[in-house]
Protein chains: 4
Amino acid sequence: MLKDKAPTSGSRQKTLRVRKSEATRKRILDAAAILFGDQGYTATTLRQIAKRARIDAGSIYYYFASKEEILDEVMEIGIRSVSEAVEQAVGELPPESSHRRRLEVAVETHMYTLLRYSAYTSANIAIFAQVSRKAQDRNRLLRKRYAAFWNDIFEAAQDAGEISATADLSLVRLFLLGSVNWSMQWYDPKKKNSIDELAHSFCTMLFDGIGPK
Amino acid sequence: MLKDKAPTSGSRQKTLRVRKSEATRKRILDAAAILFGDQGYTATTLRQIAKRARIDAGSIYYYFASKEEILDEVMEIGIRSVSEAVEQAVGELPPESSHRRRLEVAVETHMYTLLRYSAYTSANIAIFAQVSRKAQDRNRLLRKRYAAFWNDIFEAAQDAGEISATADLSLVRLFLLGSVNWSMQWYDPKKKNSIDELAHSFCTMLFDGIGPK
Amino acid sequence: MLKDKAPTSGSRQKTLRVRKSEATRKRILDAAAILFGDQGYTATTLRQIAKRARIDAGSIYYYFASKEEILDEVMEIGIRSVSEAVEQAVGELPPESSHRRRLEVAVETHMYTLLRYSAYTSANIAIFAQVSRKAQDRNRLLRKRYAAFWNDIFEAAQDAGEISATADLSLVRLFLLGSVNWSMQWYDPKKKNSIDELAHSFCTMLFDGIGPK
Amino acid sequence: MLKDKAPTSGSRQKTLRVRKSEATRKRILDAAAILFGDQGYTATTLRQIAKRARIDAGSIYYYFASKEEILDEVMEIGIRSVSEAVEQAVGELPPESSHRRRLEVAVETHMYTLLRYSAYTSANIAIFAQVSRKAQDRNRLLRKRYAAFWNDIFEAAQDAGEISATADLSLVRLFLLGSVNWSMQWYDPKKKNSIDELAHSFCTMLFDGIGPK
DNA sequence: AATGAATGAGCGTTCATTCAT
DNA sequence: TATGAATGAACGCTCATTCAT
């Protein structure tokens with residue numbers, strides 16, 4: 001019994017250390033995500049990241065081999081975050097939900113992640129177009145998978161007759177997600193519209209149109 | 001009159017010089033617009049701009065006081081370009097045109113300017129979110145004016161009964177222009193969709209919705 | 001006549017500027033040669049070079065693309081300096097000079113260049129073994145040419161019977177130039193031996209041996 | 001005695017620990033010697049040394065107070081190694097051996113240690129000129145002693161009439177050891193010349209000269 | 001006896017900017 | 001009108017070193 005204690009204490013210490021180490025790593029990533037999203041990748045300096053993460057600039061290299069490696073990880077987490085959140089939210093819907101409802105929840109969750117929950121997702125959406133082709137390529141597979149998930153929802157809706165049979169689904173996706181992602185540029189959390197309302201309005205406009213009845 | 005008819009040799013030289021000077025200035029701005037749009041503001045160096053404009057990096061300061069001044073001018077031209085193009089295109093429509101038609105032309109022209117015609121407009125849309133608050137503010141008035149123009153179109157359409165009376169026009173604008181501006185991120189001039197078709201599809205989805213009839 | 005003056009003055013100015021520019025470039029190289037020779041390539045910082053050249057560290061990059069480019073040029077000048085000095089000195093000897101005399105002059109000039117005249121040559125000899133293989137390779141052709149020059153002298157001497165027919169000339173060269181280059185490690189300009197005497201002693205030992213007569 | 005016969009389990013552990021500790025220490029020094037010799041002192045990082053010694057970079061400080069302390073020890077071992085090897089080899093010669101033979105053996109052993117056996121000696125010879133004056137000074141006494149040993153051999157040879165009475169022995173030493181040490185720069189273990197032959201050739205050239213008989 | 005985490009100074013290099021000409 | 005030369009601050013990154021465990 002007594003004997004057992006020491007090793008346990010030892011492994012507990014190790015665990016604590018590992019946790020602390022991972023906490024530092026996360027602080028760096030968090031800081032980077034916020035700054036990348038705000039100022040862009042190039043405009044963000046490692047010293048800014050370090051300051052925000054409350055460590056010395058040099059220490060970053062204990063965790064990451066280069067600024068670009070931080071970028072990659074931020075971008076990856078960014079897509080994974082939305083993907084997982086959206087897939088989970090949609091997956092949790094009662095099976096009898098309408099496809100329109102599924103889409104609404106998807107939009108809502110995507111917007112919520114983008115605008116509120118994940119600095120990583122905002123960063124990804126905000127800087128993707130301006131990082132190097134190579135960095136883009138490293139993120140592309142995940143993006144494709146996420147896009148495929150949306151296409152699946154749209155197709156199911158069309159098959160079920162909830163979307164007009166003549167609609168070009170790829171275009172619909174670009175149309176809807178364009179508006180949704182662009183909201184990042186004007187959404188002000190301090191102002192009126194709740195994200196839920198916004199998502200609902202977007203879906204209503206998309207499904208029913210704004211023309212007269 | 002006199003001036004035009006028989007300019008002294010001296011003033012002709014001056015005119016030529018002024019013209020040359022302005023041509024150089026334009027070359028600098030053109031270069032900056034393209035590079036800012038491609039790589040972002042921070043990632044673009046004055047030496048890159050100078051190289052593209054075929055002058056010496058130091059010479060830029062003969063025309064501009066700072067990199068930021070170039071940014072301001074690029075951004076301003078960016079908004080002015082779309083504004084003018086769109087307002088002109090809409091203004092040239094026959095008075096009896098439907099409001100929906102007016103909107104379609106507005107979208108078409110905006111997209112055309114953004115995706116094809118003006119590197120300034122692409123740069124503006126691409127980098128606005130990531131330049132300093134101050135630089136954004138310096139561009140804000142023009143943006144507001146342009147937004148007001150769109151609102152006018154929407155209001156007229158609503159007044160004429162072409163848009164449902166219950167639609168929140170501000171939101172409609174954000175929804176539509178979001179998709180439109182976002183197209184910059186995925187539009188590939190080498191691929192199928194013509195800009196005209198794209199604009200038309202977007203308007204159709206917006207007005208008629210994608211739901212079943 | 002009068003007309004001619006202005007352009008002349010212009011080109012004179014240009015010439016002056018070019019000269020000043022080249023003077024700065026040379027100051028950088030001179031500083032680098034001395035420091036590389038004293039401390040080694042890695043241990044020498046660009047800031048040290050800049051300080052010695054009386055410019056700002058950043059300015060070095062107006063003249064050189066990298067520290068390694070400075071290294072290359074220092075190394076190249078180092079070999080060229082000895083090569084040219086030695087070849088010229090030997091070439092200026094009266095044609096009837098003995099081959100032993102030619103060798104003595106070659107040794108003398110090589111040592112003089114190495115120990116007194118050229119910081120570039122000392123640097124080259126001092127750091128060659130410790131720079132990257134690539135940097136070595138970039139210097140190798142010039143070294144081979146210089147070695148070939150020495151071989152020619154030795155062969156001529158052997159053909160003329162001034163060197164024993166059985167001597168392995170490559171080994172003789174390595175033996176002699178080894179001693180000569182190594183002198184860099186112990187030669188103290190403040191102490192007794194003049195370089196001329198040193199060179200003479202070395203040649204005498206090599207030709208006549210130190211064994212009893 | 002007692003200790004050796006029946007060491008307590010505690011002391012045996014201590015002995016093992018001490019041995020392990022010294023083994024680690026040696027691994028660090030070995031690694032440092034090789035790397036210093038290959039790349040120079042400044043170009044070698046503690047992390048490279050640690051990697052080669054298969055320990056963590058921070059752990060080096062358990063054994064050495066600083067990088068410079070490692071340098072000192074490497075340099076000291078470097079000179080001690082040749083000194084001891086050469087003195088022993090010469091000491092083991094039959095008393096009736098000629099002085100020329102003694103010198104030949106000394107040269108042979110010095111070269112063998114430098115070129116084959118001891119990374120410490122190569123490091124010492126390779127980097128001495130480029131470490132700080134202080135580090136040089138800390139090595140100087142040992143070097144002087146080693147030089148004195150050579151001088152003794154030369155003097156004995158001269159006294160015995162095997163070296164011309166007029167030869168300047170200090171210069172002879174510098175001449176010979178210069179060639180010998182310089183061999184480090186060109187000797188290629190993969191190529192023809194055995195070290196023994198090389199040493200013999202050098203001595204023959206030195207004693208008999210290369211001039212015609 | 002050894003490690004993992006962190007530091008901070010300094011490195012090679014870049015960049016917007018200045019200024020004499 | 002424009003350039004070539006230079007600056008100096010800051011950048012991404014490396015390194016010897018420290019220290020709690």
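Residue numbers begin at 1 in each chain, while the letters A, B, ... track the order of the sequences.
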| field | Closest heavy-atom pair and its distance - A:R47, A:A57 | value | CG-CB, 3.9 Å
| field | Residues A:R140 and A:D137 bridged, charged N to O under 4.0 Å | value | yes
| said: Donor-acceptor check, side chain of C:Q39 to backbone of C:F36, threshold 3.5 angstrom: yes or no? | reply: no
| Under 3.5 Å: donor-acceptor pair, side chain of D:Y120, backbone of D:D30 | yes
| task | Starting from the 5' end of DNA chain F, give me the residue, A:E68 or B:A57, whose nearest nucleotide shows up first. | result | B:A57
| Is a side-chain N or O of D:T121 found less than 3.5 angstrom from the main chain of D:G78, in a donor-acceptor match? | yes
| message | Measure CD1/D:I60 against P/F:dA16 and give the value in whole Å, please. | response | 9 Å
| request: For E:dA5, take OP1 and OP2 only and decide whether either is under 4.0 Å from a side-chain N or O of A:S59. | output: no
| remark: Dot-bracket for DNA chain F, 5' to 3', Watson-Crick and G-U pairs with both distances under 3.5 Å, [ ] for crossing pairs, | for partner on another strand, reads .||||||||||||||||||||
| Charged N-O contact under 4.0 Å between B:E73 and B:R25 | yes
| field | From E:dA1, F:dC13, F:dA16, nucleotide with atom closest to A:K67 side chain | value | F:dC13
| message | Please give me every residue in residues 32-49 of chain C whose heavy atoms get under 4.0 Å of an atom in DNA chain F, ordered by residue number. | response | C:R47
| field | Whole-Å gap separating P (F:dT17) and CD1 (D:I28) | value | 14 Å
| query | Is A:K67 reaching over with its side chain to a backbone N or O of A:T44, donor-acceptor style, under 3.5 angstrom? | reply | yes
| note | The answer to which of A:R27 and B:S66 contacts DNA chain E further toward the 5' end, by nearest nucleotide, is A:R27
| query | What integer distance in Å separates A:K20:NZ from F:dT21:C1'? | reply | 11 Å
| Which is true for B:I55 with a 4.0 Å heavy-atom rule: it touches a base, it touches only sugar-phosphate, or it touches nothing? | sugar-phosphate
| query | Rounding to a whole Å, what distance do you find between B:L71:CG and E:dT17:P? | reply | 11 Å
| field | A:L35 backbone acceptor or donor facing A:Q48 side chain under 3.5 Å | value | no
| query | Roughly, in whole Å, what's the span from CD in B:E69 to P in E:dT17? | reply | 10 Å
| query | Which whole-number value in Å describes the distance from D:Y62 OH to F:dA20 C1'? | reply | 16 Å
| said: Given E:dG4, E:dT13, E:dA16, identify the nucleotide with an atom nearest to the side chain of D:D56. | reply: E:dG4
| said: If you compare all heavy atoms of C:A123 against all heavy atoms of C:A33, which two are closest, and at what distance to 0.1 Å? | reply: CB-O, 3.5 Å
| remark: Smallest heavy-atom separation, D:A53 atom then D:A31 atom, equals N-CB, 4.2 Å
| task | Measure from CZ on D:R54 to P on E:dA1 and round the result to the nearest Å. | result | 17 Å
| query | Is any side-chain N or O of C:S21 closer than 4.0 Å to OP1 or OP2 of F:dG4? | reply | no
| D:K51 NZ to E:dT3 C1', straight-line distance once rounded to whole Å | 18 Å
| query | Is the distance from OP1 or OP2 of E:dT13 to the nearest side-chain N or O of C:Y61 less than 4.0 Å? | reply | yes
